[in-house]
Amino acid sequence: MLIVALCTLRIRWVTFVGSFVALALGVALLTATGLALAASLDAPERAPERFAAAPVVVRGQDTLRVPTPSGERTEELARPRAVPDAVVARLERLGTVVADWSFPVRVRDGRGPGELVGHPWSTAAFAPYRIDAGRAPRAADEVVVTGGWAGPGERVRTDRGTLRVVGSAPGLGFEDAVFFTDVRAAELAPGSVQLAVDAEASAVREAVRDAVPASAGVRVLTGDARRYADADPGRDDEALTALNALFGTAGGVAAFVSVFVVASTFAFSVAQRRREFGLLRTAGATPGQLRRTVIAEAALVGVLASGTGCVLGAYGAPPLVRLVVDAGLAPAWFTLGDHAWPFHLAFWTGLLVALCGVVAASWRAGRTAPVAALREAAADAGAMTRGRWLAGLGLLLTALVTLALALADDPGDLLHRKTYVTRPMLLISAAALLAPVAMRPLTRLLTCLPARLPGATGLLVRENAAAGARRTAAVAAPVLVTVALTGSLLGAVATLDGAKAAEARERTTAAFVATAPAGTGFDAATVERLRAVPGARISPSASSAVYVLEDGTALIRSDARAVADPGALAATTRLPVSRGRVTGLDDHSIIVNEEWERHTVGQSVRVRLGDGTAKTLRIAAVMHTGTGDNGVYVTAANAAGAPVDRVDVALADGADADAVAAGLRAAVAAAGGRVSSGAEWAAAASPGSPGTTRTGLFLVLGIALLYTGISVVSTMLTATSDRVRDLAVLRLAGATGGQVLRLVAVESLTVAGAGALLGLGVAGLGLAGMGAALGLLSVPAAPVVPWAAVGTVAGACAVLAVVASVVPAGLALRRRAAAAAGVRE
């Protein structure tokens with residue numbers, strides 16, 4: 001059988017080109033994404049940056065730790081605590097203690113970096129920064145800048161006022177800093193949670209231990225641990241988590257697409273050889289020998305294609321890594337490692353896919369009787385096997401049942417990224433398996449009008465597509481998968497963005513919203529100036545968090561909005577309350593959403609506030625879950641000293657909107673605040689998915705489209721080369737070369753269109769499920785179909801299909817028609 005397989009590969013190499021290319025490309029994609037995924041598993045150990053030269057850093061409690069029967073659960077506190085005064089007093093006896101006051105600074109005239117960070121000048125020596133021009137700041141409006149974007153003597157307009165640059169220092173690469181005097185930095189910063197101490201580490205630890213119980217949660221950082229005092233110390237791990245999700249999704253999509261495309265391509269190549277199998281059966285070959293021959297051919301193709309794919313993947317991984325770094329999806333330090341397991345995984349997966357893709361076809365070939373095989377060679381009768389029917393209907397039923405169960409039990413689960421990326425795979429799998437059944441009615445629908453027109457082209461297209469069910473299914477499968485993935489993924493993101501925007505618009509009834517600069521808040525004087533604006537009723541609020549232990553083991557964080565006056569909140573915000581009253585909120589109660597384990601009005605819940613303080617609160621009202629952004633509401637007394645960062649403003653009866661707006665802007669000008677209309681604020685509060693999310697999805701879809709394009713081309717080349725005799729018969733019947741090429745082009749366009757329609761139907765069914773989930777969650781939004789993206793992808797597939805069929809057909813027409821048809825002249 002091995003000799004027969006080798007001879008078959010040598011003689012019928014054109015038949016196996018499509019399978020080889022599809023499998024090699026699939027393995028290459030798995031190898032490249034696997035290598036990138038392996039490199040994203042571990043983050044490098046980052047050295048301390050801002051406090052690299054500090055002897056010791058003492059940091060207040062920044063982590064909530066809750067013991068449970070299953071072990072300790074931790075969450076980062078929304079409002080880290082300052083180092084207690086008792087601890088500071090003990091540290092000051094050991095040496096110099098410098099408080100770190102940090103806050104964002106925004107340049108208003110468009111100069112300088114986009115993100116600046118303000119610090120007190122006394123902390124500059126801990127990085128260390130060294131002045132290379134000018135001097136240190138001495139007055140409240142004097143600063144030293146890093147990075148060289150401004151020099152001594154220049155004035156810079158910022159949200160912290162107009163500043164005079166009196167010195168500059170070389171940047172160190174991890175931030176763009178602006179250094180104020182210590183007094184001014186303390187005035188501008190919302191608080192300080194860490195100190196630099198010039199003393200021996202052992203003495204500092206002893207002093208902290210002696211300050212019991214004030215030292216609870218206080219950390220003493222030395223050596224490499226000082227990196228936890230830097231801004232966002234977990235950014236590397238967070239970046240790698242995002243990369244894991246990106247490359248995991250890309251690898252999963254690549255594997256998913258390759259399985260169906262390769263299986264379809266192998267099945268088509270075997271189906272093309274039914275006459276050959278019939279002759280072998282007539283010559284005495286047993287069914288088992290035929291099966292072993294086909295499997296041996298697939299194994300040989302699988303080994304060669306998988307090896308080739310591993311080599312291609314090794315060359316493709318570095319450009320992939322550069323692409324994600326340049327797109328901002330990965331940090332600049334992200335590089336490939338020397339991992340070997342992705343090669344093994346991709347190679348053996350490719351070989352397994354090749355063998356699995358041919359098993360069903362080989363069983364069918366060996367099971368067919370000799371005369372029946374010769375008779376079946378004329379047309380694709382019975383393209384659907386019993387196993388394919390069972391698998392397709394089983395997957396379709398599973399997809400529908402799991403969708404119904406999700407809608408009944410937890411509709412919000414359908415809005416999660418992991419769900420809307422993976423759940424469409426079931427529907428796509430079912431559609432790919434049932435494609436031969438759908439192709440016949442779809443192609444007849446698309447050709448019903450052309451078939452009625454004068455001429456034979458439309459009629460021939462309809463009958464050829466109906467007779468070649470396996471061929472049309474093999475060509476349509478990659479188009480179906482790509483269009484369905486495009487519609488499902490981009491449609492889910494667009495639907496979720498639209499739902500969040502609709503929620504923001506629905507909740508906001510304020511005429512104006514005043515917001516403080518990012519990372520800061522309004523002081524009491526600014527709030528009083530806002531309150532004094534004639535015609536304005538204000539509702540100040542602050543951002544915080546609330547933590548609750550559910551099921552005794554899960555520590556859940558919910559974003560919280562702390563309000564000063566529940567009555568004013570009701571006047572400026574329309575919360576999606578399902579039970580209870582907003583005005584029932586007080587210092588001893590909380591407004592929760594239906595996601596909470598306990599969400600009965602009047603029920604008491606044990607929570608931890610933003611600074612970790614434990615407290616029991618009564619549920620005053622319950623909100624609909626929505627898209628997941630409906631956090632909780634508490635009063636300012638339960639906000640752990642969070643500064644007011646937003647003020648919603650309602651207009652009093654008869655108040656002039658323009659006059660109120662002018663008064664609000666004047667009130668927040670000194671604090672660098674911004675006043676927007678309610679509609680403007682709602683639009684800004686729901687800007688849509690992050691650019692990195694969309695870029696990642698386009699990367700995944702780009703991989704799928706590339707794979708689809710090559711698969712369509714290879715399948716069309718194989719299919720067209722097998723139809724040389726049919727095209728020659730058309731020539732002998734009187735058709736011109738142009739008519740034959742038009743027939744081939746229209747037929748390819750029809751098949752690609754049928755695959756696109758089926759893919760669009762699959763995507764529409766998935767988006768309808770998401771729309772039903774939004775309706776159950778009381779979100780005022782409808783599913784969004786990304787018509788532009790779907791149309792672009794479908795058009796690209798159609799162009800590739802037409803070109804890949806017309807070019808080989810044109811080359812075949814150069815031969816004499818009689819010779820190509822096998823007629824002796």
Side-chain angles (χ1 to χ4, degrees), residues 41-43 59-84 87 193 208-209 211-221 225 228 232-238 240-242 244-245 406 409-410 412-413 415-419 543-562 587-623 625 628-635 637-642:
L41 296 179
D42 298 307
R59 185 172 175 83
Q61 182 182 358
D62 58 3
T63 303
L64 175 63
R65 302 181 184 277
V66 179
T68 72
S70 302
E72 188 178 64
R73 298 291 182 263
T74 62
E75 277 284 350
E76 183 179 349
L77 288 174
R79 305 298 306 175
R81 296 183 178 183
V83 179
V87 175
V193 298
V208 171
R209 282 196 302 267
V212 176
S215 62
V218 175
R219 292 195 293 169
V220 178
L221 307 177
Y228 295 113
D232 196 12
R235 61 186 180 276
D236 290 341
D237 291 333
E238 293 172 0
L240 291 187
T241 299
N244 287 336
D409 181 51
D410 185 12
D413 183 60
L415 307 183
H416 298 160
R417 179 179 178 181
K418 183 180 296 185
T419 303
S543 59
S544 186
V546 169
Y547 308 86
V548 62
L549 190 66
E550 295 190 347
D551 297 325
T553 57
L555 184 60
I556 307 298
R557 169 182 167 144
S558 294
D559 291 334
R561 177 62 45 184
D587 292 346
H588 304 288
S589 62
I590 185 174
I591 297 176
V592 303
N593 59 63
E594 293 172 340
E595 279 189 318
W596 279 47
E597 181 183 16
R598 295 186 178 186
H599 54 265
T600 302
V601 174
Q603 191 174 22
S604 295
V605 290
R606 185 70 171 173
V607 301
R608 271 85 174 173
L609 304 180
D611 65 346
T613 302
K615 196 166 185 179
T616 299
L617 298 174
R618 173 182 47 83
I619 297 178
V622 180
M623 298 181 294
T625 303
D629 288 340
N630 292 334
V632 303
Y633 285 80
V634 294
T635 60
N638 294 316

Any cation-pi pair here, R59 with Y228, using under 6.0 Å and within 45°?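 No; the conditions do not both hold, so R59 does not lie above the ring face of Y228.
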Results of salt bridge (charged side-chain N to carboxylate O under 4.0 Å, His left out) for [X] - residues two or more places apart only:
{"X": "R618", "value": "D586"}
{"X": "D410", "value": "none"}
{"X": "R608", "value": "none"}

Quick check: closest heavy atoms across [X] and [Y], and the distance to 0.1 Å?
{"X": "V83", "Y": "V193", "result": "CG2-O, 3.8 Å"}
{"X": "T635", "Y": "A562", "result": "O-CB, 3.9 Å"}
{"X": "V592", "Y": "V632", "result": "CA-CG1, 4.1 Å"}
{"X": "V622", "Y": "N593", "result": "CG1-C, 4.1 Å"}
{"X": "G552", "Y": "P69", "result": "O-CD, 3.5 Å"}

Given 3.5 Å as the limit, does a donor-acceptor pair link the side chain of E550 with the main chain of E597, or not?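 Yes, because the side chain of E550 sits within donor-acceptor range (under 3.5 Å) of the backbone of E597.
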Hey, what do you get for CD (E75) to CG (L549), rounding to the nearest 0.5 Å?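 One finds 11.0 Å between CD of E75 and CG of L549.
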How long is the straight-line distance from CZ of R65 back to CG of L555, given to the nearest 0.5 Å?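 Going from CG on L555 over to CZ on R65, the span is 11.5 Å.
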Flag for R79-T613: side-chain donor and acceptor within less than 3.5 Å: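 There is no such pair between these side chains.
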According to side-chain hydrogen bond (donor to acceptor under 3.5 Å, both in side chains), does anything in residues 598-607 pair up with another residue at least two apart or in another chain? List the pairs.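 Of all non-adjacent pairs touching residues 598-607, those that pass side-chain hydrogen bond (donor to acceptor under 3.5 Å, both in side chains) are R606-T616.
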Looking at residues at least two apart in the chain, or sitting in another chain, which of them share a side chain to side chain contact (heavy atoms under 4.5 Å, CB included) with T625?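 Per chain and number, T625 pairs via side chain to side chain contact (heavy atoms under 4.5 Å, CB included) with E594, E595, L777.
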Looking at residues at least two apart in the chain, or sitting in another chain, which of them share a side chain to side chain contact (heavy atoms under 4.5 Å, CB included) with L77?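 Applying side chain to side chain contact (heavy atoms under 4.5 Å, CB included) to L77 gives Q61, L64, Y547.
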Consider side-chain contact (heavy atoms from CB on, under 4.5 Å). Of V546, V634, N638, which one does K615 pass it with?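 By the side-chain contact (heavy atoms from CB on, under 4.5 Å) criterion, K615 pairs with just one of V546, V634, N638: N638.
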Taking side chain as C-beta onward, heavy atoms only, is S544 less than 4.5 Å from L609?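 No, their side chains stay 4.5 Å or more apart.
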